[in-house]
Protein chains: 2
Amino acid sequence: MARAATTSDVFNAVAEPQRREILALLRAGERSVTELAQELGMTQPGASKHLRVLREVGLVRDRKVGKQRLYGLDARGLRPVHEWTGGFERFWNESFDRLDEYVRDLKQAQQEE
Amino acid sequence: MARAATTSDVFNAVAEPQRREILALLRAGERSVTELAQELGMTQPGASKHLRVLREVGLVRDRKVGKQRLYGLDARGLRPVHEWTGGFERFWNESFDRLDEYVRDLKQAQQEE
DNA sequence: TTGACGCATGCCCATATGGGAATATGATTG
DNA sequence: CAATCATATTCCCATATGGGCATGCGTCAA
C-alpha cells in the first residue's frame with residue numbers, strides 16, 4: 001500500500017515541516033502564494049503544492065483577490081490533533097520518580113543484553 | 001527528495017493511524033508484540049515494524065522479559081506536538097461570528113468564480 | 001542438542017510523495 | 001487581442017514507505 005496519502009488527514013498534512021511553517025506564518029494573517037514562498041524560502045510551485053495539501057485537509061482557505069490568491073488559516077482542523085495528544089498528557093506529566101525509575105530499569109535491562 | 005523519513009521525527013511517526021492506535025493501547029500498560037498485534041488486528045511483522053518506528057523516535061521503550069519483549073509508552077515526545085497545535089488554539093476558538101463571516105465570504109467569492 | 005516460541009529483518013511491490021523545471025491557466029491591464 | 005503577472009499543473013526522479021511472506025535470531029524448555 002505505501003504510506004497514506006498526505007491529503008487524507010490532518011496528521012499527515014502536518015507531518016511536513018514546511019507545511020507547519022506555512023501554518024505558523026498564516027497566524028499573522030492572510031498571504032499570497034508568492035509572499036509565502038518568499039518569506040519561507042521556497043519556490044512558488046513548491047508553496048502552491050503545500051498549500052494545496054493544506055487546503056484539501058481544510059487547514060487553509062483561499063480567496064481570490066485580483067490575480068492573487070490569498071491564503072488564510074483555518075486552524076479548526078488542528079484541534080483533533082491537539083486533543084489526541086492531550087490524551088497523553090497525564091503520561092508525560094506522570095510523577096517522574098516512577099518514570100525515571102522505569103527508564104533506569106530499562107537501561108539496565110538493555111545493558112544486560 | 002520524497003517525503004521525510006517517518007523515523008525522523010514524532011510528527012511523522014504519529015501520522016500513521018496504526019501507530020496512533022498502538023500508542024493509545026499502550027496507555028493501558030505494557031504489551032508484548034504479539035499481544036499488540038492481536039489486539040489491533042495486525043500481523044506480527046507489521047506490529048514489529050511500527051514499534052520500531054515508535055521506538056526510534058522515542059515514543060515507546062522496550063524491555064526484555066524472557067523471550068518476550070514488552071513495549072511501554074513514553075509519551076514525553078508527544079508533548080511538542082501538543083504544544084505546537086496548542087499554538088493555534090486561539091485561532092480555532094476565535095469568535096465564530098468573525099470566522100463564520102470569513103468562511104461565508106470565501107464561499108461567496110468562490111461561487112463567483 | 002533439538003524444538004518451539006516470540007520478534008526482528010530482509011525482500012519485493014505498489015504507491016505517494018517532495019523537489020525542480022517547464023508549462024498551462026486565469027486574470028488584469030493596455 | 002496581446003503582454004504580463006500570479007498561480008496551479010504536469011513531468012520526471014529519487015526516496016521512503018506499509019504490507020505480505022519467508023526467514024534469521026535469541027531464548028527457554030525438554
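A, B, ... follow the sequence lines: proteins, then strands. Residue 1 opens every chain.
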Inset, instruction - Could you check whether A:G66 gets within reach of a base, just the sugar-phosphate, or nothing at all, counting any heavy atom under 4.0 Å? - result: sugar-phosphate
Inset, instruction - State which of C:dG19, C:dA8, D:dG18 makes the closest approach to the side chain of A:K49. - result: C:dG19
Legend entry - No-hydrogen, no-angle side-chain donor-acceptor test under 3.5 Å, B:R63 and B:Y71: no
Inset, instruction - For B:R63 and C:dC7, give me the distance from atom CZ to atom P, rounded to whole Å. - result: 13 Å
Legend entry - Separation of atom CG in A:L54 from atom C1' in C:dG18, rounded to whole Å: 14 Å
Inset, instruction - For A:E56 and D:dT9, give me the distance from atom CD to atom C1', rounded to whole Å. - result: 13 Å
Legend entry - Side-chain touch B:N93/A:R79, heavy atoms, less than 4.5 angstrom: yes
Inset, instruction - Assign each of B:Q68 and A:N12 to its nearest nucleotide of DNA chain C by heavy atoms, then name whichever residue's nucleotide is nearer the 5' end. - result: B:Q68
Inset, instruction - Using atom CZ of A:R69 as one end and atom P of C:dT28 as the other, report the distance to the nearest whole Å. - result: 12 Å
Inset, instruction - With axes from five pairs an end, tell me the bend angle of the helix from C:dT1-D:dA30 to C:dG30-D:dC1, nearest 10°. - result: 10°
Legend entry - Of the listed nucleotides C:dA8, C:dG6, D:dG20, the one nearest the side chain of B:K67: C:dG6
Inset, instruction - Can you check whether any acceptor in the base of D:dG26 is under 3.5 Å from a donor in the side chain of B:K64, or vice versa? - result: no
Inset, instruction - Among D:dA22, C:dT28, D:dT9, find the nucleotide with the atom closest to the side chain of B:P45. - result: D:dA22
Legend entry - Under-4.0 Å side-chain N/O to phosphate OP1/OP2 contact, A:R19 with C:dG18: yes
Inset, instruction - Measure the shortest side-chain to side-chain distance between B:L36 and B:L25 over non-hydrogen atoms and say whether it is less than 4.5 angstrom. - result: yes
Inset, instruction - Would you tell me if any nitrogen or oxygen in the side chain of B:R52 comes within less than 4.0 Å of OP1 or OP2 on C:dT9? - result: yes
Inset, instruction - Using the closest heavy atom to pick a nucleotide of DNA chain D for each, name whichever of A:L51 or B:V53 lands nearer the 5' end. - result: A:L51
Inset, instruction - Please determine, for the side chain of A:T34, which listed nucleotide (D:dT7, C:dG6, D:dC21) has the closest atom? - result: D:dT7
Legend entry - Heavy-atom pair with the smallest gap, counting every atom of B:R76 and A:W92: CA-CB, 3.6 Å
Inset, instruction - Step through it carefully: locate the ring centre of B:W84, locate the ring centre of A:H82, and say whether they are under 6.0 Å apart. - result: no
Legend entry - Rounded distance (Å) that lies between atom P of C:dT25 and atom CG of A:D62: 19 Å
Legend entry - B:V33 side-chain proximity, nearest of D:dA8, D:dG18, C:dA8: C:dA8
Inset, instruction - In whole angstrom, give the distance that lies between atom CD of A:Q44 and atom P of D:dA8. - result: 7 Å
Inset, instruction - Figure out the CD/P separation between B:E16 and C:dT17, and round it to whole Å. - result: 13 Å
Inset, instruction - Kindly say if B:S32 contacts the phosphate of C:dC7, meaning a side-chain N or O under 4.0 Å from OP1 or OP2. - result: yes
Legend entry - Separation of atom CZ in A:R55 from atom C1' in D:dA8, rounded to whole Å: 8 Å
Legend entry - Charged N-O contact under 4.0 Å between A:R20 and B:D9: yes
Inset, instruction - Consider only side-chain N and O atoms of B:Q44 and B:S48, and report whether a donor and an acceptor are under 3.5 Å apart. - result: yes
Inset, instruction - Return no unless some side-chain N or O of A:Y71 is found under 4.0 Å from OP1 or OP2 of D:dA8. - result: yes
Legend entry - Close side-chain approach of B:L73 to B:E30, heavy-atom, < 4.5 Å: no
